[in-house]
Structure formats: C-alpha cells, structure tokens
Q: 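Before I ask anything, let me first share the structure, which is written out below as structure tokens.
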Amino acid sequence: MKRIASFTVDHLRLLPGLYVSRRDRVGQEVITTLDLRLTRPNFEPVMNTAELHTIEHLGATYLRNAPGWGERVVYFGPMGCRTGFYLLLAGSYTSREVLELVRGCFAFIRDYSGSIPGASAGECGNWQDMNLPMAKYWAARYCAVLESAGDAQLNYPGEEDA
C-alpha cells in the first residue's frame, strides 16, 4: 500500500506548532488539513484522554461559532497518538492564515470556566471523561508556542511556507 502523507513527516524533528498537513480536492472545493501539534512527539508526554476530550469539546464549540470561520470548519478532533489535533477547513490556507483563529481557540480554552459544552450523557458517549484543569494547562502551553511561532512552528521540518 502507498504510505500516507502524515507518516512521511519526520516526527523526531517535529516541534509543537501549527502546520498544514495536506490539501485535498473534494469536487471543486479544497479541504486544508491542519496539524495542531501540542506536544513534541516521542520526546514529551502525550495528553491523557480526559484533557484531550475536553479540548475537543471546547475547541469544536469555539471553532464552529467563530465569526467568518464557523461555516468553513469541516472537522476538529484529536490525533490518535494524543500529541495534538486535526482541524479541517473548507478552502486553501497556510498556517499563517489560520494562526489567529487557532490562537483565539486555545485562548478560549485556556480562559474557560463553567460546564463543558456537550458534557452530558444525552450529548456525549463518554461525557464523564473530562478534565478542564489539564485542558487549560495544555491550552496555555500551546498559546505560548503560538505567540512566538516562527517558521519552525509553522512549517514541517524540511518544508517552506506550506
């Protein structure tokens, strides 16, 4: 079988950051897949499922309600390796073009208080697996990465301005 694109990224050189993973055509539309990498793969601990799940609920809520962006959000969810998230947007974008959107999303999570949207038995299949304090910790860490993001945090190792 053909090797998928995400397995060609050198995960030993990958830093926390915001990367364009791929752009795909679906009919006339381009879908941009963004890699929101919160931890350094194979060097730092991964996120536990409770905080990952909390970030997913809060991030999806923020992104789908973001003015000018909400209707472009196709998907937001965790990576199986638990080092980050994928954000799929309708349209062709660079990391720099979505940087403010993602900064806003993770600032929202960092500063969030109250009950988690969708965290009830009627709305979620695993609603008790949530950890807001740890979600806020990871969001604050990621906000710091995004505040000082340069080429190394916006382009995969070996790539330029994706």
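Reckoned from all heavy atoms, side chains included, excluding hydrogens, waters and symmetry mates. Note that the structure is a prediction, hence the values are computed from the model and not measured.
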Q: Looking at every non-hydrogen atom in both residues, tell me the closest pair between I109 and K136 and how far apart they are.
A: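 Looks like O-CG, 3.4 Å.
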
Q: Can you name the closest pair of heavy atoms from F43 and L12 and give their distance?
A: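 Closest approach of F43 to L12, heavy atoms only: CE1-O, 3.4 Å.
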
Q: Tell me every residue that passes side-chain contact (heavy atoms from CB on, under 4.5 Å) with P16, counting only those two or more places apart in sequence or in another chain.
A: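 Here the qualifying residues are R40, E44, V145.
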
Q: Using the rule that Ile, Leu, Val, Met, Phe, Trp and Tyr join whenever any side-chain heavy atoms are under 4.5 Å apart, tell me whether L99 and L89 fall into a single cluster.
A: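 Yes, one cluster joins them.
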
Q: Could you pull out all residues at least two apart from A90 that satisfy side-chain contact (heavy atoms from CB on, under 4.5 Å)?
A: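 With neighbours one apart ignored, the set is E29, I31, V74.
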
Q: Going from OH on Y156 to CG on D35, what distance comes out if it is rounded to the nearest 0.5 angstrom?
A: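 Separation between the atoms: 3.5 Å.
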
Q: Looking at N48 and R82, what are the two nearest heavy atoms and their distance?
A: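 Shortest heavy-atom contact: CA-NH1, 4.1 Å.
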
Q: Is the W69 to Y62 ring centre distance short of 6.0 Å?
A: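 No - the distance between ring centres of W69 and Y62 does not fall below the 6.0 Å cut-off.
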
Q: Compute the centroid of each ring, for F76 and then for F85, and state whether the two points are separated by less than 6.0 Å.
A: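 Distance test on ring centres: under 6.0 Å, yes.
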
Q: To the closest 0.5 Å, what do you measure between NE2 (H11) and SG (C81)?
A: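 Spacing of NE2 (H11) from SG (C81) equals 6.0 Å.
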
Q: Is there a path of hydrophobic side-chain contacts, each under 4.5 Å between heavy atoms of I/L/V/M/F/W/Y residues, joining V46 to L14?
A: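 L14 and V46: separate clusters.
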
Q: Membership question, hydrophobic clusters at under 4.5 Å side-chain separation (ILVMFWY): are Y137 and L38 in the same one?
A: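 Result: yes, single cluster for both.
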
Q: Are the side chains of L87 and Y75 in contact, using a 4.5 Å heavy-atom criterion?
A: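 Sidechains of L87 and Y75: no contact.
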
Q: Which value, rounded to the nearest 0.5 Å, describes the distance between L63 atom CG and R72 atom CZ?
A: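 With rounding to 0.5 Å, CG (L63) is 12.5 Å from CZ (R72).
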
Q: Between atom CG of L58 and atom CZ of F108, what is the distance when rounded to the nearest 0.5 Å?
A: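 Reported value, rounded in 0.5 Å steps: 5.5 Å.
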
Q: Assess, by modelled atom type and distance only, whether the side chains of T33 and R23 contain a donor and an acceptor separated by less than 3.5 Å.
A: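 Not at all, the side chains of T33 and R23 share no donor-acceptor pair under 3.5 Å.
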
Q: Roughly how far, to the nearest 0.5 Å, is the CE atom of M47 from the CZ atom of R141?
A: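 If we round to the nearest 0.5 Å, R141:CZ and M47:CE are 9.0 Å apart.
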
Q: Roughly how far apart are L18 CG and E97 CD, rounded to 0.5 Å?
A: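 So the CG of L18 and the CD of E97 are separated by 11.0 Å.
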
Q: Would you check if the side chain of H53 reaches a backbone N or O of M130 as a donor-acceptor pair within less than 3.5 Å?
A: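 Absent.
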
Q: Answer with yes or no whether the side chains of Y142 and R37 bring together a donor and an acceptor at under 3.5 Å.
A: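 No, Y142 and R37 have no side-chain donor paired with an acceptor closer than 3.5 Å.
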
Q: Would you name the heavy atoms of R96 and L154 that are closest together and state the gap between them?
A: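 Heavy atoms only, the tightest pair is NH1-CD1, 3.3 Å.
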
Q: Using distance only, find each side-chain donor-acceptor pair of residues 112-119 under 3.5 Å and give its atom names and separation, not counting sequence neighbours.
A:
unit_1	atom_1	unit_2	atom_2	d
Y112	OH	S115	O	2.5

Q: So if you build clusters from Ile, Leu, Val, Met, Phe, Trp, Tyr with side-chain heavy-atom gaps below 4.5 Å, do M79 and Y19 land together?
A: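 Per the 4.5 Å side-chain linkage, M79 and Y19 are not co-clustered.
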
Q: Can L101 be reached from Y86 by stepping across I, L, V, M, F, W or Y side chains whose heavy atoms are under 4.5 Å apart?
A: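 No, separate clusters.
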
Q: For residues C143 and R103, report the shortest heavy-atom separation together with the two atoms involved.
A: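 For C143 versus R103, the nearest heavy atoms are SG-O, 4.4 Å.
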
Q: Could you pull out the closest heavy-atom pair between L15 and A152, with the gap in Å?
A: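 Distance-wise, the nearest heavy atoms are CD1-CB, 4.1 Å.
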
Q: Does either side chain, that of E51 or that of T54, offer a donor lying less than 3.5 Å from an acceptor on the other one?
A: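 No, T54 and E51 have no side-chain donor paired with an acceptor closer than 3.5 Å.
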
